[in-house]
Amino acid sequence: MQELTFSPLSILVLHGPNLNLLGQREPGIYGSLTLIEINRLLEAEGLKLQAKVLPVQSNHEGILVDTIHEALGKYQGILINAGAYTHTSVALRDAIAAVNLPTVEVHLSNIYRREDFRHHSYIAPVAVGQISGFGVQSYLLGLQALVHHLRSG
Ligand code: DQA
């Protein structure tokens with residue numbers, strides 16, 4: 001029997017501030033995997049899903065905004081862990097709304113079990129959905145959900 005093939009998808013994976021320090025940063029909260037290891041797992045999951053995954057990390061809000069703008073025409077969807085900008089950045093939210101690319105928000109930690117200031121996300125209202133609290137699985141589940149959303153839309 002012939003294997004099912006899907007039209008190729010390209011997914012932009014955006015990691016916000018301080019996520020470059022994963023592995024050494026508060027491992028009790030964020031786990032011990034480095035960002036490079038998380039990106040490798042995402043690329044492997046992408047292969048299974050027949051989706052190309054391109055990871056970008058920045059500690060700078062403007063660079064994240066520029067990267068979202070440049071995604072138009074290159075990527076079909078965005079998987080984003082905006083880190084602390086989740087809770088502060090109207091600019092990131094507006095950029096996602098402006099390009100209107102299906103976006104899934106992920107967090108390693110469960111932001112609703114943590115400090116009050118982490119309970120609000122500026123990204124959530126412009127995202128297809130949010131996955132929070134499953135460590136690296138949040139990213140992998142988020143990628144699956146985004147690809148499924150794009151293929152069923
Ligand atoms: C985070 C949660 C944010 O509150 C925090 O500022 C981060 C990481 C997470 O993945 O759990 O930097 O987005």
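Nothing here was measured: the structure is a model prediction, and the numbers come from that model.
The closest side-chain donor-acceptor pair between Asn59 and Gln57 falls under 3.5 angstrom. Looking at Ser121 and Glu105, their side chains do bring a donor and an acceptor atom within 3.5 Å of each other. Of the N and O atoms on the side chains of Asn39 and His15, at least one donor lies less than 3.5 Å from an acceptor on the other residue.
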Output, in order, the C-alpha distance, side-chain angles, deciding distance and verdict of side chain to side chain contact (heavy atoms under 4.5 Å, CB included) for Asn18 and Arg25.
CA-CA 8 Å; Asn18 301 308; Arg25 174 192 182 203; 3.7 Å; yes
Report the C-alpha separation of Glu37 and Arg40 in whole Å, then their side-chain angles, then the decisive distance to 0.1 Å, and conclude whether the salt bridge (Lys or Arg N to Asp or Glu O under 4.0 Å) test is met.
CA-CA 5 Å; Glu37 290 168 331; Arg40 280 202 197 113; 5.7 Å; no
Run the side chain to side chain contact (heavy atoms under 4.5 Å, CB included) check on Leu9 and Val147 step by step: do they pass?
CA-CA 8 Å; Leu9 287 177; Val147 168; 4.0 Å; yes
Could you please spell out the steps behind the side chain to side chain contact (heavy atoms under 4.5 Å, CB included) verdict for Ile11 and Leu54?
CA-CA 6 Å; Ile11 307 295; Leu54 286 110; over 6 Å; no
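Criterion: ILVMFWY side-chain heavy atoms under 4.5 Å apart, direct or through other members. Under it, Leu47 and Ile38 are not part of a common hydrophobic cluster. Side-chain heavy atoms closer than 4.5 Å link hydrophobic residues (I, L, V, M, F, W, Y) into clusters, and following such links, even through other members, never connects Ile80 to Tyr122. A continuous path of Ile, Leu, Val, Met, Phe, Trp and Tyr side chains, each step under 4.5 Å between heavy atoms, connects Val126 with Leu64, placing both in one hydrophobic cluster. Residue Leu12 is not grouped with residue Tyr139 when hydrophobic side chains (ILVMFWY) are merged at heavy-atom distances under 4.5 angstrom, including chains of intermediate members. In the hydrophobic clustering of this structure, Val13 does not group with Ile68; members are Ile, Leu, Val, Met, Phe, Trp, Tyr whose side-chain heavy atoms approach within less than 4.5 Å, directly or through other members.
For the atom pair CG (Leu146) and CG (Leu49), the distance works out to 10.0 Å, reported to the nearest 0.5 Å. To the nearest 0.5 Å, the span separating CD on Gln130 from OH on Tyr112 amounts to 3.5 Å. Atom CD in Glu70 sits 5.5 Å away from atom NZ in Lys74 (nearest 0.5 Å). Separation of atoms CZ (Arg118) and OG (Ser132) is listed at 11.0 Å; rounding is to 0.5 Å. Here the straight-line distance linking atom NE2 of His87 with atom CZ of Phe117 works out to 7.0 Å at 0.5 Å rounding. Between Ile78 atom CD1 and Leu14 atom CG the span is 6.0 Å, to the nearest 0.5 Å.
Across all non-hydrogen atoms, the minimal contact from Val136 to Leu108 is N-CD2, 3.7 Å. Nearest heavy-atom pair, Ala84 versus Pro17, reported as atom, atom and distance to 0.1 Å: N-CG, 4.2 Å. The minimum heavy-atom distance linking Leu143 with Gly46 is given by the pair CD2-N, 3.8 Å. Closest approach of Gly133 to Ser138, counting heavy atoms only: N-OG, 3.6 Å. A pairwise comparison of heavy atoms in Gly83 and Thr86 identifies O-OG1, 2.6 Å as the closest pair.
Few gaps surround CG on Leu72; more than 12 heavy atoms of other groups in view lie less than 6.0 Å from it. The number of heavy-atom neighbours closer than 6.0 Å to NE2 of His120, taken from other residues, nucleotides and ligands shown, is above 12.
Leu79 has its side chain within reach of Val106: a pair of non-hydrogen atoms, C-beta onward, lies under 4.5 Å apart. Ser58 places none of its side-chain heavy atoms less than 4.5 Å from the side chain of Thr67. Between Leu101 and Gln76, the closest side-chain pair of non-hydrogen atoms is not below 4.5 Å. Side-chain contact between Val56 and Ile63 is absent, with no heavy-atom pair separated by less than 4.5 Å. Annotation: side chain of Gln24 is not in contact with side chain of Ser32 (no heavy-atom distance under 4.5 Å). The side-chain heavy atoms of Pro8 and Lys52, taken from C-beta on, include no pair separated by under 4.5 Å.
Of the candidates Arg114, His107, Arg113, Asn110 forms a side chain to side chain contact (heavy atoms under 4.5 Å, CB included) with just one, namely Arg113.
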